[in-house]
Amino acid sequence: MNRKPLLTVLAIAAMLVACSSEPSNNSNNTTANNDPDMGNNPVEVDNTGTEYASEYEFLFDSLAFKTAPANKLNTLLNANLDLNLEFPIIVLLKLSDVDAAAGTVVLEGGSGLKTDDITTFIFDPDSDSTGTAGTLDAATGEFAASLEYFGFVATFKFENDVSKTVLPINKLTLSGQMNLSEDGATANVVNGVLAGYMTKEDGDATLITLAAGGNPISITQVFKEDTLNYDTTTAALVDPGMGDAWFLEGSFTAKPTVIND
């Protein structure tokens, strides 16, 4: 089974990093838009006549959620996208085997790590980043893929102790539009949309520590049971507190980067 969706759990990571790390100066934040549009005013993209490259690599530079409980964490999330932090939130996206004529692409996404060169990154080895088949509309640059599972890796620092937690997300859908440069060699991702869910069962089993010397608590204790708003049996949204999972939906943008294999 391809175990790999991407990002909706990033909001959790942002909250935990904010709770466990020193306050940051965000003046050098790489975020291009601290409150990305949630789809009300999408960027118009027309790649007609532009030749696509075979591969594109991206770094998320904005992310915002519009559903509870993650929507309360957008400010903290964007603050922790700052690459000047010791352990920033890094989300990488790679589109390879781009075939504009066939309308196909392979999507690979996951948590990333900084290298000695701040302009290049690697996928976190603890993050499952296997490629997933997706679709591509050459004229609009729209790509989309459905990801069965993704374990997002969040790194936390408490004084001199550093630890990692894998936060599980299921059934993630991911789409966006590549806005190509004139020669098609590079692109930005605009109008990005993502959605997925984390089950209460996974929330119960995933333990994190929020402070140095503190006792581990479950993600369920962080997210709260009264916000469970998704029924995994019917695959439908329900009233808060009536589901068995948390549904998280958001928007994102991404800029070109270099990902080292």
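Here the structure is a predicted model, which means the values were calculated and not measured.
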Novice: What distance separates Leu147 CG from Glu108 CD, expressed to the nearest 0.5 Å?
Specialist: 11.0 Å

Novice: Could you grab the distance from atom OG of Ser96 to atom CD of Glu57, nearest 0.5 Å is fine?
Specialist: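 That separation rounds to 9.0 Å.
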
Novice: Locate the shortest heavy-atom distance separating Ser175 from Ala144; write the atom from each residue and the value.
Specialist: CB-CB, 4.0 Å

Novice: Assigning hydrophobic clusters by single linkage (Ile, Leu, Val, Met, Phe, Trp, Tyr; side-chain heavy-atom cutoff under 4.5 Å), is Ile259 placed with Val106?
Specialist: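 Each belongs to a different hydrophobic cluster.
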
Novice: Report yes if the side chains of Leu92 and Phe123 come closer than 4.5 Å at any heavy-atom pair, otherwise no.
Specialist: yes

Novice: Would you say the side-chain atoms of Thr104 and Asp99 include a donor-acceptor pair closer than 3.5 Å?
Specialist: no

Novice: Show me, pair by pair, the donor-acceptor contacts under 3.5 angstrom made by side chains of residues 233-244, not counting sequence neighbours?
Specialist:
from, atom 1, to, atom 2, distance (Å)
Asp244, OD1, Thr232, N, 2.9
Asp244, OD1, Thr232, OG1, 3.4
Asp244, OD2, Thr232, OG1, 2.6

Novice: Can you tell me if CD on Gln221 sees more than 12 non-hydrogen neighbours from other groups inside 6.0 Å?
Specialist: yes

Novice: Going by heavy atoms in the side chains, are Phe60 and Lys255 under 4.5 Å from each other?
Specialist: no

Novice: First locate atom OG1 of Thr257, then atom CG of Leu93, and finally report the distance between them rounded to the nearest 0.5 Å.
Specialist: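 It comes to 11.5 Å.
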
Novice: Could you check whether any side-chain heavy atom of Val258 comes within less than 4.5 Å of a side-chain heavy atom of Phe121, counting everything from C-beta outward?
Specialist: no

Novice: Work out which heavy atom in Leu95 is nearest to a heavy atom in Val98; give both atom names and the distance.
Specialist: O-CG2, 3.9 Å

Novice: So, using side chain to side chain donor-acceptor pair (under 3.5 Å) as the criterion, who are the partners of Asn47 when residues are at least two apart?
Specialist: Tyr52

Novice: Around atom CD of Glu55, are there more than 12 heavy atoms from other residues, nucleotides or ligands closer than 6.0 Å?
Specialist: yes

Novice: Going by the rule ring pair (Phe, Tyr, Trp, His ring centres under 6.0 Å), which residues pair with Tyr230 if we only count those two or more places apart in sequence or in a different chain?
Specialist: Tyr197, Phe247

Novice: Using side-chain contact (heavy atoms from CB on, under 4.5 Å), reason through Phe252 and Leu174 one step at a time and then give a plain yes or no.
Specialist: CA-CA 10 Å; Phe252 69 93; Leu174 178 71; 3.3 Å; yes

Novice: From Ile90 CD1 over to Leu83 CG, what is the distance, rounded to the nearest 0.5 angstrom?
Specialist: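 Between atom CD1 of Ile90 and atom CG of Leu83 there are 5.5 Å.
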
Novice: Would you say the side chain of Thr253 lies within less than 4.5 Å of the side chain of Val189, judging by non-hydrogen atoms?
Specialist: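 SC-SC contact between Val189 and Thr253 ruled out.
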
Novice: Excluding sequence neighbours, so at least two apart, what forms side chain to side chain donor-acceptor pair (under 3.5 Å) with Thr120?
Specialist: Thr115

Novice: Under the salt bridge (Lys or Arg N to Asp or Glu O under 4.0 Å) rule, collect the residues that match up with Asp204, sequence neighbours excluded.
Specialist: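 Asp204 satisfies salt bridge (Lys or Arg N to Asp or Glu O under 4.0 Å) with Lys200 once adjacent residues are dropped.
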
Novice: When rounded to the nearest 0.5 angstrom, what is the spacing between OG1 in Thr135 and CG in Asp137?
Specialist: 8.5 Å

Novice: Going by heavy atoms in the side chains, are Leu113 and Pro125 under 4.5 Å from each other?
Specialist: yes

Novice: If I take atom CG from residue Leu180 and atom OH from residue Tyr56, how far apart are they, to the nearest 0.5 angstrom?
Specialist: 4.5 Å

Novice: What closest approach, in Å, do Met178 and Val45 show between heavy atoms, and which atom pair accounts for it?
Specialist: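 Closest heavy-atom pair between Met178 and Val45: O-CG1, 3.7 Å.
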
Novice: So Met198 and Ile219, do their side chains get closer than 4.5 Å, heavy atoms only?
Specialist: yes

Novice: Are Leu194 and Leu63 side-chain neighbours, meaning at least one heavy-atom pair lies under 4.5 Å?
Specialist: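 Yes, side chains in contact.
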
Novice: Tell me, do Thr206 and Pro168 make a side-chain contact under 4.5 Å, heavy atoms counted?
Specialist: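 Result yes, sub-4.5 Å side-chain heavy-atom pair found.
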
Novice: Among Asp202, Thr199, Thr227, Thr220, exactly one meets side-chain hydrogen bond (donor to acceptor under 3.5 Å, both in side chains) together with Trp246. Which residue is that?
Specialist: Thr227

Novice: For Ala187 and Pro256, work out which heavy atoms get closest and say how close.
Specialist: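 For Ala187 versus Pro256, the nearest heavy atoms are O-CG, 3.0 Å.
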
Novice: What's the shortest heavy-atom distance between Ile122 and Asn260, and which atoms?
Specialist: CG2-O, 3.6 Å

Novice: Kindly give the heavy-atom pair with the smallest separation between Thr173 and Ser146, and that separation in Å.
Specialist: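 That closest heavy-atom pairing would be CG2-OG, 4.1 Å.
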
Novice: For Asn191, which residues count as a side chain to side chain donor-acceptor pair (under 3.5 Å) partner, sequence neighbours excluded?
Specialist: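 Side chain to side chain donor-acceptor pair (under 3.5 Å) list for Asn191, sorted by chain: Gln177.
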
